[in-house]
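A short write-up of the structure that comes next.
Order of the sequence lines fixes the chain letters, A, B, ..., with proteins taken first and strands second; residue numbering starts at 1 for each chain.
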Amino acid sequence: MTTATIPTPIIETTREIQFREALREAMTEEMRADERIFLIGEEVAQYNGAYKVSQGMLDEFGPKRIIDSPISENGFAGLGIAAAMAGLRPIIEFMSWSFSLVAADQLLNNAPKMLYMSGGQWGCPIVFRGNNGAGGQLASTHSWCVEGLFSNVPGMHMAIPSCPYDAKGLLKTAIRCNDPVFFLESERMLGDKGPVPEVEYTIPFGEAILRAEGGDATIVSFGRPVNFCLEAMVELAREEIACDVLDMRTIRPLDIDAVIRSIRKTGRLIVVDQSWPFASPASEVITQVCERAFDCLDHQPVRVNTDDVPTPYAKGLEQAYLPNKGKIIEAVKSTLGLL
Amino acid sequence: MSTATASQGRQRNTGASATLPDNTLLGWLREMVLIREFEIRTMQAYSNAQIGGFCHVYNGQEAVVVGTFAATTKQDPIVTAYRDHGHALARGMDPKACMAEMYGKTTGCAKGKGGSMHMFDRPNNLYGGHGIVGAQTPLGAGLAFATKYENEVLGKGDKRITLCFLGDGALNQGALHEAMNLAGILQLPVIYIVENNGYSMGTAIDRGTTMAHKLEAKAAAYGIESLTIEHGMDVCAIYDAFKPFADARRRDQKPGFVDLHTYRYQGHSMSDPQKYRSKDEVGQYMEQDPIETLKKQLIEDRACLTEEDFKAMQKEVRAVVREAVRFAENSPAPDPRKELYSDVFVDPLPNSSPSGPYLHGETNHLMRGSR
Ligand SMILES: Cc1ncc(C[n+]2csc(CCOP(=O)(O)OP(=O)(O)O)c2C)c(N)n1
Ligand SMILES: [Mg+2]
């Protein structure tokens with residue numbers, strides 16, 4: 001059964017800031033309000049952030065709260081987990097989620113399972129955040145999209161903003177959350193500008209947002225590829241094909257109700273995500289839709305993922321590998337029998 | 001870099017323990033007897049298939065937790081590996097909650113969700129039992145980080161130290177080396193205590209670990225001061241060496257490393273044919289049994305205990321353990337409808353999982369003070 005929810009309204013503003021500034025504002029405002037919050041990661045303090053997300057934060061909060069760590073992801077992830085258990089509110093910055101793989105034991109065994117293993121005695125209020133995803137010709141070791149791999153594990157929330165507004169609102173929710181949050185940013189978007197109001201706001205987890213409305217097909221996506229979906233939507237509109245574009249905002253929880261509401265109208269589902277197709281968020285969305293709303297589908301669902309190969313370096317190969325506007329348009333048309 | 005070596009056994013006991021009142025040492029004796037008797041019943045229950053999974057007992061190593069904990073307060077965080085029943089009991093966990101956990105009962109410390117390897121006791125600041133070798137070592141750094149942060153940034157809490165226990169096998173896990181480097185760089189008041197029982201499963205320490213004869217070298221590489229306690233079967237020797245070391249770490253809020261020589265009497269886990277060591281070797285260590293050693297000292301040197309007193313102590317402890325077993329046997333198994341989906345999230349959100357909604361959990365009342 002789907003439930004109709006009233007979506008949290010977007011606050012209009014003319015102020016535009018970068019994605020990285022939105023992240024910084026979220027952390028800074030929360031740190032001013034709560035002394036238990038600290039930030040640790042590689043180059044976050046004196047270097048002002050490898051990607052300048054934490055620029056200026058050392059000056060404001062000092063070295064006891066903005067902490068440069070040696071290159072020891074497993075070590076500082078574990079340090080944060082125990083600090084969270086002991087009552088602090090750590091923000092752990094991974095220069096890239098690609099490098100979080102060496103911390104897999106702490107990330108997957110300890111953070112999400114501590115509450116369960118301890119029979120409810122110790123939760124783990126911690127945020128792990130950093131760049132996720134390919135697109136900068138960094139080849140296979142540095143282009144990880146961890147959403148497919150990590151979202152398999154119960155016990156944590158996973159947020160994946162597509163624009164500065166959501167980056168700020170979702171990160172504030174993540175920092176205030178009493179459970180572990182994996183927060184997936186994108187290096188390719190850090191310089192993107194978008195409207196972010198000065199007034200205080202947060203975005204709840206598990207609430208997708210309809211970025212565009214149209215009755216012909218439902219396009220569902222997560223994070224950066226939402227923007228490719230919007231490009232595709234604009235081009236399809238020129239051919240009089242109108243699409244719902246749903247930005248899921250979080251992978252866990254997954255607002256499957258919003259997806260089902262949309263396909264009740266369109267009967268057609270295209271899911272776009274930047275990880276590999278096998279056991280990906282796209283496959284999860286499609287499975288849940290088939291389980292809960294099979295009767296609404298007028299065409300088999302289609303997923304658009306990266307190709308199922310290691311991420312290549314060469315520009316042309318990488319472009320061929322990534323989801324893009326063209327692939328999304330093709331997928332939409334295939335569900336409409338237009339190919 | 002200062003190092004020290006423990007005093008050589010009970011004859012030359014002129015250390016800090018000599019000035020402690022009889023009652024304190026009698027308390028240590030009782031704790032060691034409790035752990036020993038508890039583990040005897042654990043082994044029985046395991047062979048009767050009342051306890052499942054992997055189960056690692058503490059027989060022989062009792063002096064380690066009793067001697068080191070004596071230098072801490074209950075506010076000092078403790079974290080350890082999977083051989084953790086002794087740590088739980090010595091920290092003050094109700095033996096009933098500990099036994100019930102192994103029986104997989106809802107009255108266990110973790111309501112039967114963690115088992116033998118994952119003993120957590122929030123009221124007593126025992127941050128687990130951890131099943132992955134070495135995984136607790138970054139946690140040890142984090143607990144020390146938190147106590148220091150509370151003290152220095154939040155301006156509350158006394159100066160505390162964290163004890164992070166590990167087996168000699170964990171010396172070879174990358175996690176420890178990242179954690180020790182972090183502890184050194186950030187000057188975290190954590191003491192890494194290697195419970196060096198000479199073996200990781202069937203691998204004798206010098207077959208798996210470089211510098212096995214001088215583990216202090218590992219700590220020195222991270223600028224961490226260390227201590228070797230050779231007489232780790234003697235609780236007074238442990239205390240005498242460890243107490244001043246711990247006090248200094250507490251005062252200076254700095255890390256430490258202890259190579260504490262001990263021995264496990266039983267196999268690695270409950271299913272270990274022990275082909276890698278001789279009965280003679282085990283026998284030699286049993287000659288230095290920590291309970292016998294302290295008992296003798298209390299009878300002969302302090303004259304505060306008689307054989308009869310000791311028998312009475314054993315009898316009292318056995319009744320406590322029998323009661324723990326009875327409690328575990330008679331406790332209800334967790335109800336899957338209530339417990340399977342609770343304690344996954346502190347604040348469960350809808351649509352988190354396709355397999356069902358998560359539920360709010362209730363903490364076992366024996367672990368009062370939790371949450
Ligand atoms: C990462 C990891 N690898 C392997 C194991 C399996 N294992 C469990 S205990 C153990 C031996 C550890 O010995 P030691 O650290 O000396 O502790 P002790 O059992 O002597 O207390 C091994 C190999 C594990 N639990 N975790
Ligand atoms: Mg060992």
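Counting heavy atoms of neighbouring residues, nucleotides and ligands inside a 6.0 Å radius, atom CD1 of A:Ile71 does not exceed 12 of them. A 6.0 Å sphere centred on NZ of A:Lys172 holds more than 12 heavy atoms belonging to other residues, nucleotides or ligands. Residue-environment remark: CG (A:Asp34) exceeds the threshold of 12 foreign heavy atoms within 6.0 Å.
In this structure the side chain of B:Asn351 reaches within 4.5 angstrom of the side chain of A:Asp255, judged on heavy atoms. For the pair B:Leu139 and A:Leu79, the minimum side-chain heavy-atom distance is 4.5 Å or more. The shortest side-chain heavy-atom distance between B:Val153 and A:Phe38 does not fall under the 4.5 Å cut-off. You'll find the side chain of A:Pro154 reaches within 4.5 Å of the side chain of B:Tyr358, heavy atoms only. Side-chain contact between A:Lys64 and B:Glu152: present, with at least one pair of heavy atoms (C-beta onward) separated by less than 4.5 Å. Within the 4.5 Å cutoff, the side chain of B:Leu182 has heavy atoms near those of the A:Ser69 side chain. Side chains of B:Leu349 and A:Asp179 form no contact here, defined as non-hydrogen atoms less than 4.5 Å apart.
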Problem - Residue pair A:Asp68, B:Ile185: steps toward the side-chain contact (heavy atoms from CB on, under 4.5 Å) verdict - result: CA-CA 10 Å; A:Asp68 275 329; B:Ile185 285 285; over 6 Å; no
Exercise for the section: For the pair A:Leu115 and B:Val346, evaluate side-chain contact (heavy atoms from CB on, under 4.5 Å) and give the outcome as yes or no after the intermediate values. Expected result: CA-CA 8 Å; A:Leu115 186 70; B:Val346 172; 3.9 Å; yes
Practice task
Carefully, step by step, assess B:Phe345 and A:Asn178 under the rule side-chain contact (heavy atoms from CB on, under 4.5 Å).
Solution key: CA-CA 8 Å; B:Phe345 289 97; A:Asn178 289 321; over 6 Å; no
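Contacts with chain B were tallied for A:Ala86, A:Gly123, A:Pro204; A:Ala86 has the most, counting heavy-atom pairs under 4.5 Å. For the options B:Gly114, B:Gly134, B:Cys109, B:Gly129, heavy-atom pairs under 4.5 Å to chain A are most numerous at B:Cys109. Residue with the most contacts toward chain A among B:Leu176, B:Thr147, B:Leu126: B:Leu126 (heavy-atom pairs, distance under 4.5 Å). Interface remark: of the candidates A:Met156, A:Glu291, A:Lys113, A:Glu73, A:Met156 forms the most heavy-atom pairs closer than 4.5 Å to chain B. Per-residue heavy-atom pair counts under 4.5 Å with chain B were compared for A:Met85, A:Gln288, A:Arg252, A:His157, and the maximum is reached by A:His157. The residue among A:Ser118, A:Gly62, A:Cys177 with the most heavy atom pairs within less than 4.5 Å of chain B is A:Ser118.
With a 4.5 angstrom heavy-atom cutoff, B:His130 touches chain A only via side-chain atoms. B:Pro350 touches chain A through its backbone: at least one of N, CA, C or O sits under 4.5 Å from a heavy atom, while the side chain does not. With a 4.5 angstrom heavy-atom cutoff, A:Ile251 does not touch chain B via any of its atoms. B:Glu101 does not touch chain A: none of its heavy atoms, backbone or side chain, sits under 4.5 Å away. Heavy atoms of A:Leu254 lying under 4.5 Å from chain B belong to its backbone as well as its side chain. When heavy atoms are compared at a cutoff of 4.5 Å, B:Leu143 approaches chain A by way of both its backbone and its side chain. Contacts between B:Ser355 and chain A at a heavy-atom distance below 4.5 Å are absent for every atom of the residue.
With A:Tyr116 contributing its side chain and B:Leu340 its backbone, the two residues share a donor-acceptor pair below 3.5 Å. Although no hydrogens or angles enter the test, the distance criterion places no donor-acceptor pair under 3.5 Å between the side chain of A:Gln121 and the main chain of B:Met367. In this structure a side-chain-to-backbone donor-acceptor pair under 3.5 Å is present from B:Glu178 to A:Asn74.
The two residues A:Gln106 and B:Ala135 have their closest heavy-atom pair at NE2-O, 2.9 Å. Taking each heavy atom of B:Pro138 and A:Gly75 in turn, the nearest pair found is CB-O, 3.6 Å.
Between A:Arg65 and B:Tyr149, the side chains place a donor N or O and an acceptor N or O closer than 3.5 Å (distance only, hydrogens not considered).
For B:His118, the ring pair (Phe, Tyr, Trp, His ring centres under 6.0 Å) test picks out no residue, with sequence neighbours left out.
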